[in-house]
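Read through the structure below, which is laid out as structure tokens, and then see the notes.
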Amino acid sequence: MSVDVVPFQRHLAEKYDRPGPRYTSYPTAPHFQDAYDAHDYLRAVSKSHRHHARPLSVYIHVPFCESLCYYCACSKIITHNRERASEYLDYLKREIVLQAALFDENRELSQLHLGGGTPTFLSNDQLAELVDALSSAFHFSAPETREFSLEVDPRTVSTEQISQLRELGFNRVSFGVQDFDERVQRAVNRVQSEAQVTALMASAREAGFASVSVDLIYGLPLQTIDSFATTLEKVIALRPDRIAAYSYAHLPSLFKAQRLIRNEDMPPPERKLELLELTISRLTQAGYVYIGMDHFALPEDELSLARQDGTLQRNFQGYSTRAECDMIGLGVTAIGRMADAYSQNVKTTAEYMKCLDAGELPVLRGYVLSAEDHLRADVITAVMCHGQVDFSAIEKRHDIIFREHFSAALEALEEMQDDGLVTIDAQYLRVLPSGRLMLRNVAMAFDAYLGEGAGRYSRTV
């Protein structure tokens, strides 16, 4: 078994561990503008039609959760009232109709992702209603070409429900595990058994899901090297196709839920680096490919193949495939990307319903990229997804002289070059194996909007 070697140098990880964007977009979401409205979105859709057969990707945000996970920084609504899900579904179907009317039938919907919150807060019957509404409004691509995925809280579904989700057309599923250690689970108010997760994953395999993923978080309260090593061993034994191992960003001043975590239970800063080193070592030794940042995949997985063939992208779900798609965001807070613009929906269900009651798209804010934004986004994507920047390719696409245009950025990267993290020659910027943990730091050199507000970002390593 070949091993994807990612050298871990503690002193360099500590040196470059500073707040910075995750680059799920460029410009990043804090720079979206309130002046952007539904009219701007319609202009972006019109512009997207110039690419007549460009496929569509749909992201749907389901904000509801039955209980509060103390670490969570997502947009969510904690409730046991199932009527709220029913009401929300009715409004989602209204938004689907409004959005679908904007697109010709030749714009096939080839990618669908349900995130949350907890998408499985909706019952399987409600999820069937949602898929039916999408199928009636949009032209689905052929079943064998689709990527339809959803996030699953293992505490909310049975093995029978997993099989039913496959029957609805979902072919990718991601299980939120976070950690198998009971002490850690209690400290973050998310208790679920190993047996529960194992049974659900087995059911997903039996049902024919093409890809099964697991989400983990390191840096949680009470985690130790030994306890997380045990979690990693158990996950590796389950052999998911993908593993996302996220660094926990403890920002209680920004996220109220995190104030419920006891300060004395939080691991020291150096523990997170130890856990990261452990995670990369164990997963790559087990045959997983390190995609970048927090994502790992088996060599035959579509994510690994996209990394090889140059079609890997980053969006608001992290590393993803199908960069050729325009993305429609549905539901509260959902973000989409259409042609040269990002858009984000309103943040509360009250605002969402008010807009749709008036027959209006629930757009809150967005951003139209300038030519300079497109250029820098292209470079940052090359860094984050491919680990290298081909100067001549950028020059041809954007009609610039790379070394002149980015002289300040290249100068800023000289320190990383001296540290053996990148190389810069006449034609290429390449991220070396020892620099793969610092992709965000490399990308930051090309970000024209960095400056104020660094505290809003998580740390880069």
Could you pull out the closest heavy-atom pair between [X] and [Y], with the gap in Å?
X: L439; Y: G292; answer: CD1-CA, 4.3 Å
X: L312; Y: S320; answer: CD1-O, 3.6 Å
X: M338; Y: D326; answer: SD-CB, 3.5 Å

Checking side-chain polar atoms at under 3.5 Å, does [X] have a donor or acceptor matched by the opposite partner on [Y]?
X: S48; Y: R107; answer: yes
X: Q178; Y: Y218; answer: no
X: Y23; Y: D447; answer: yes
X: T79; Y: N81; answer: no
X: S57; Y: Q111; answer: yes
X: H398; Y: E372; answer: no
X: Y367; Y: D373; answer: yes
X: S86; Y: E83; answer: no
X: N345; Y: E95; answer: yes
X: N441; Y: T460; answer: yes

Side chains of [X] and [Y]: closer than 4.5 Å at any heavy-atom pair?
X: T349; Y: Y91; answer: no
X: Q344; Y: R365; answer: yes
X: Y342; Y: Y36; answer: no
X: V214; Y: L238; answer: no
X: L450; Y: P21; answer: yes
X: Y26; Y: R376; answer: yes
X: V177; Y: D215; answer: no
X: K272; Y: H250; answer: no

Inset, instruction - I would like to know whether E147 and S110 meet side-chain contact (heavy atoms from CB on, under 4.5 Å); could you show each step before the answer? - result: CA-CA 6 Å; E147 181 186 275; S110 65; over 6 Å; no

Legend entry - Pair R205-V212, side-chain contact (heavy atoms from CB on, under 4.5 Å): steps then yes or no: CA-CA 8 Å; R205 295 290 191 202; V212 177; 3.7 Å; yes

Inset, instruction - In plain terms, say whether K93 and E129 are close enough for a salt bridge, that is, a side-chain N and a carboxylate O under 4.0 Å apart. - result: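 A salt bridge links K93 with E129.
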
Legend entry - Lys/Arg N to Asp/Glu carboxylate O, D357 vs K354, below 4.0 Å: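 Judged by the 4.0 Å cut-off on N to carboxylate O distance, D357 and K354 do not form a salt bridge.
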
Inset, instruction - With sequence neighbours excluded, give me every salt bridge (Lys or Arg N to Asp or Glu O under 4.0 Å) pair touching residues 425-434. - result: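 Listed once each, the pairs are D425-R430.
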
Legend entry - Contact list for residues 386-401, test salt bridge (Lys or Arg N to Asp or Glu O under 4.0 Å), sequence neighbours left out: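 For residues 386-401, and leaving out neighbouring residues, the salt bridge (Lys or Arg N to Asp or Glu O under 4.0 Å) pairs sorted by first residue read D378-R397.
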
Legend entry - Candidate pair T311 and T321, rule side-chain contact (heavy atoms from CB on, under 4.5 Å), full reasoning: CA-CA 7 Å; T311 60; T321 59; 5.8 Å; no

To the nearest 0.5 Å, what is the distance between [atom1] ([X]) and [atom2] ([Y])?
X: E160; Y: N124; atom1: CD; atom2: CG; value: 10.5 Å
X: T423; Y: Q388; atom1: OG1; atom2: CD; value: 9.0 Å
X: R146; Y: N171; atom1: CZ; atom2: CG; value: 8.5 Å
X: Y248; Y: I217; atom1: OH; atom2: CD1; value: 8.5 Å
X: I335; Y: M327; atom1: CD1; atom2: CE; value: 10.0 Å

Looking at [X] and [Y], would you say the former's side chain and the latter's main chain have a donor-acceptor pair under 3.5 Å?
X: T28; Y: S25; answer: no
X: T381; Y: A377; answer: yes
X: R172; Y: S211; answer: no
X: E87; Y: R84; answer: no

Legend entry - Pair listing, ring-ring contact (aromatic ring centres under 6.0 Å, His included) test, anchored in residues 93-116, at least two apart: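 Listed once each, the pairs are H49-F103, Y59-H113.
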
Do the ring planes of [X] and [Y] sit parallel (below 30°), tilted (30 to 60°) or perpendicular (above 60°)?
X: F316; Y: F32; result: perpendicular
X: F64; Y: Y88; result: perpendicular
X: F296; Y: Y290; result: tilted

Legend entry - Flag if over 12 foreign heavy atoms under 6.0 Å of CD, E105: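 Open.
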
Legend entry - Whether over 12 other heavy atoms sit under 6.0 Å from E144 CD: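 Yes - once you tally the heavy atoms of other residues, nucleotides and ligands closer than 6.0 Å, there are more than 12.
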
Legend entry - Step-by-step side-chain contact (heavy atoms from CB on, under 4.5 Å) determination, R314 to C385: CA-CA 7 Å; R314 279 186 68 71; C385 295; 4.1 Å; yes

